Number of protein chains: 4
Amino acid sequence: MSNISPPRKRRKEARPSELSAAALDLFVEKGFAATRLEDVAQRAGVSKGTLYLYFDSKEALFKSVIEDGVVPVLVEGEEIASRHEGSAFELLEKLLANWWAGIGETSFAGIPKLMTAESRNFPELAQFYYENVIRRGRAQVASALERGIASGEFRKLDIETTIDVVIAPILMLVIWRYSMACCQGTQVDPQQYMAVHLTLLREGLKRTQV
Amino acid sequence: MSNISPPRKRRKEARPSELSAAALDLFVEKGFAATRLEDVAQRAGVSKGTLYLYFDSKEALFKSVIEDGVVPVLVEGEEIASRHEGSAFELLEKLLANWWAGIGETSFAGIPKLMTAESRNFPELAQFYYENVIRRGRAQVASALERGIASGEFRKLDIETTIDVVIAPILMLVIWRYSMACCQGTQVDPQQYMAVHLTLLREGLKRTQV
Amino acid sequence: MSNISPPRKRRKEARPSELSAAALDLFVEKGFAATRLEDVAQRAGVSKGTLYLYFDSKEALFKSVIEDGVVPVLVEGEEIASRHEGSAFELLEKLLANWWAGIGETSFAGIPKLMTAESRNFPELAQFYYENVIRRGRAQVASALERGIASGEFRKLDIETTIDVVIAPILMLVIWRYSMACCQGTQVDPQQYMAVHLTLLREGLKRTQV
Amino acid sequence: MSNISPPRKRRKEARPSELSAAALDLFVEKGFAATRLEDVAQRAGVSKGTLYLYFDSKEALFKSVIEDGVVPVLVEGEEIASRHEGSAFELLEKLLANWWAGIGETSFAGIPKLMTAESRNFPELAQFYYENVIRRGRAQVASALERGIASGEFRKLDIETTIDVVIAPILMLVIWRYSMACCQGTQVDPQQYMAVHLTLLREGLKRTQV
DNA sequence: AATGAATGAGGCTTCATTCAT
DNA sequence: AATGAATGAAGCCTCATTCAT
């Protein structure tokens, strides 16, 4: 009893994330410019003015959406990479599965689409995203590729470029889901999609016997 | 005689596409909502009012940008597919090279980013784009995959899903170029990227010898 | 006993004037409309809500600022006028000195600027100020002028108009101090200013010898 | 006929001053913060948006009001001072009469009140006003005082301070007119006011015979 | 009595759209 | 055909005011 904080206080602390979450949905759906703060407020169940108790401006809210959505990500992946003991390809599988569970299946899955759509209008934020998300994600994939090439499991490929090619289908999957997937006839089954991607990777990366 | 027209007339007929071209750049850079018609007009060297002589509204201009950008595409690809006589993988290579030459290297390369960013705000346009671009592009890839599977050159894979996985890296390449590529440290070399992608595909699609 | 009250109680009773005092500074500095209650509260060291325990509205606070600032004024001047026995000009000097000590040198000195800036937005308040401050101040000056004219010390001048001319430089002095005096090069020395003003008055009012 | 520009053009050129004039009235009446641009637009007979064709912001409009109101002033005064040949006091009279005709009786007469009310919120503008109006006005009065003191017509007084005392009643007259004069019982007759002021000055400045 | 989170009306500003020239 | 001045709806943001604690 005594260690339960009063609801008002709990609300105060929870508010910023509630507002960010509401904003994320709308930014992903409509883009930054086309999203009205009134709609964000309404979705969060507060008034327009309340947003300004927690964020200085629409732009500050946008930054918080990205930064907050980015925080919980990519930490576990780094641990997975450092602890892994099996084959390089198994590591790759684990990393992609982890990303899928932590991002692809959560509400943060809309962030890649949002960042690609808005990065030119928010260059500093794009840079921040690159440093804190993309670079770290790529490093994880790099560790698997390097391990596989070093052990002879994978063929010799340019690491940096291969990273791009490996992660592109996965990014495209979530981008697609938050964009064209609203059209008829464009449904994609993520399970099957990932299965095919992994199949192609498994065989594509495998060192060709001489 | 036939290919010479008076400059005045040529100008008049060319206006709409000049305006569309100017608009494409800005829509790709800023998104639909954040693009100001004043800037479009200025880039095209006309006044704001002139835009309305050719387009009913900002939305109509946007549709024209997409539709104009779509017209010259994918026609040649279909001919390539129907005339092809070599291996299935060679066909795939030709198709991707054709797309790259006709879209990836032109100013239309920004359209995929634009469509993913705006499709939810323009569902009918997204549907149109899907029917006229995506479906046809996928059909071309499908014809190569089907041919390869039928001949035993490719392993058996779900066609629709494999199409997705095959084209995703290419779409991602151009999306990247018009978004995060503005950041430092994010440069991608398209030649090398395509080379790696094709390598992985070649080996990944190849039927595993029993 | 009589002059010691418990701090708690003193505080409670002192609150309204503390708040008025804080508000006066800001109203003088920024004007009524541009002053934010949040700033008033902060300067008084209370929360915004507390203001509403003592004042019904921003407008009520403004009225209180003026009315509070008006209370301690002009009482002594009337006594001075009624008790005076020397020359008319000496009375005039005493009255102006009294005003300067009671208003010109206190924090109430900003009120003339504030009233001139806001009187049109608060006509009833302006009327109140006129009745309770201006009219009484003018009456004091009038008594000195009348006495001097009656005794032949001063030349014959229209009393009402002369009052205006006599007090204008003094009002202007405090208005100036709270407005343009923030600029470089606009410093005025009140002592010297008053000395010159009195010199001009002494000679200007003196009846010309025939 | 041929040298009459088309109405549209004439309007375009006349607009800024029309808007400034409308804004001056309202700024003087209500102050900067309390004046709504919608009211300014309405008084000028245009829409709110039109203001932004000519002024970047409310603050820019305010600056223009002051700067435009300042331009036509004080030029003639300087010529009067340089051409004058009579007594010093006659010069002083001419200068004050000129100021009255050029400012005191025009719609610019509200500017002194406006500047005193807002100078603290617009320090650079206040500085500009000081440099371009106040300093020049004071210099004109200074030239009359110096001439009178040098010739023995005036008593010896500190020039700078005397300037203040000489112009204060005149400034106060227009400030009063645009502020408290809205109250009952506060009417001032400018002619009589100036007459008394000049009488006091004439006798007050005059060198006392030894 | 005091707080400060929350509200929502209202103002400044932008920009798609219109229309007289 | 082309212009660009003008409009006014709509969005961001501020801040006086309220009220649960």
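Keep in mind that this is a model prediction, so the values were computed, not measured. Chain A is the first sequence line, chain B the second, and so forth, proteins listed ahead of strands; every chain is numbered from 1. Just the heavy atoms: all of them, side chains too, but no hydrogens, waters or symmetry mates, feed the values below.
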Would C:Ile111 and C:Leu24 satisfy side chain to side chain contact (heavy atoms under 4.5 Å, CB included), going step by step from the backbone distance to the final call? CA-CA 8 Å; C:Ile111 288 182; C:Leu24 173 57; 3.8 Å; yes
Whole angstrom is fine here: how far is it from [atom1] in [X] over to [atom2] in [N]?
X       : N      : atom1 : atom2 : result
C:Leu26 : F:dC15 : CG    : P     : 13 Å
D:Lys30 : E:dG11 : NZ    : P     : 11 Å
D:Phe62 : E:dC12 : CZ    : P     : 14 Å
B:Leu51 : E:dT18 : CG    : P     : 13 Å
B:Asp56 : E:dT17 : CG    : C1'   : 12 Å
A:Gln42 : E:dT7  : CD    : C1'   : 15 Å
C:Glu38 : E:dA5  : CD    : P     : 10 Å
C:Phe55 : E:dA1  : CZ    : C1'   : 15 Å

Base-pairing mate for [N] - Watson-Crick or G-U, with both contacts under 3.5 Å:
N      : answer
F:dT14 : E:dA9
E:dA2  : F:dT21
E:dA16 : F:dT7

Which part of the nucleic acid, if any, lies within reach of D:Tyr54 when heavy atoms closer than 4.0 Å are counted: base, sugar-phosphate only, or nothing?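 Result for D:Tyr54 = sugar-phosphate.
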Looking across every strand, which nucleic acid part, if any, lies under 4.0 Å from A:Leu37 by heavy atom: base, sugar-phosphate, or nothing?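 Result for A:Leu37 = sugar-phosphate.
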Aromatic C:Phe122 / basic C:Lys63 pairing, under 6.0 angstrom, 45° off normal: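 No, a cation-pi geometry is absent between C:Lys63 and C:Phe122.
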Tell me if the side-chain of C:Lys48 makes a donor-acceptor pair with the base of E:dT3, cut-off 3.5 Å, by modelled atom types.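 Side chain to base: no pair below 3.5 Å.
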Has the side chain of B:Lys58 got a donor or acceptor atom sitting under 3.5 Å from an opposite partner on the base of E:dT17?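 No such pair is found, so the answer is no.
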Between [options], which nucleotide has the shortest distance from any of its atoms to the side chain of [X]?
X       : options               : value
C:Arg36 : E:dG11, F:dC15, F:dA6 : F:dC15
B:Thr50 : E:dA1, E:dG8, F:dA2   : F:dA2
B:Tyr52 : F:dA6, E:dA16, F:dA16 : E:dA16
D:Leu53 : E:dA1, F:dA5, F:dT3   : F:dA5

Between C:Phe32 and A:Ala33, name the one whose nearest nucleotide on DNA chain F is closer to the 5' end.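 It is A:Ala33, whose closest nucleotide lies nearer the 5' terminus.
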Counting only heavy atoms not in C:Glu67, do more than 12 sit closer than 6.0 Å to its CD atom?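 Yes, CD of C:Glu67 has more than 12 neighbouring heavy atoms, counting only those of other groups under 6.0 Å.
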Anything under 30° is parallel, anything over 60° is perpendicular, the rest tilted; go ahead and classify A:Phe27 against A:Phe32.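 Geometry flag for A:Phe32 against A:Phe27: tilted rings.
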Taking atom types as modelled, is there a side-chain donor on C:Ser20 or C:Ser17 under 3.5 Å from an acceptor on the other?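 C:Ser20 vs C:Ser17: no donor-acceptor pair found between side chains.
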Kindly indicate whether the side chain of C:Leu125, heavy atoms from C-beta on, has any atom under 4.5 Å from the side chain of C:Tyr129.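 They are not in side-chain contact.
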I want to confirm an ordering. Mapping A:Ser47 and D:Thr35 to their closest nucleotides on DNA chain E, which one lands closer to the 5' end?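 Result of the comparison: A:Ser47.
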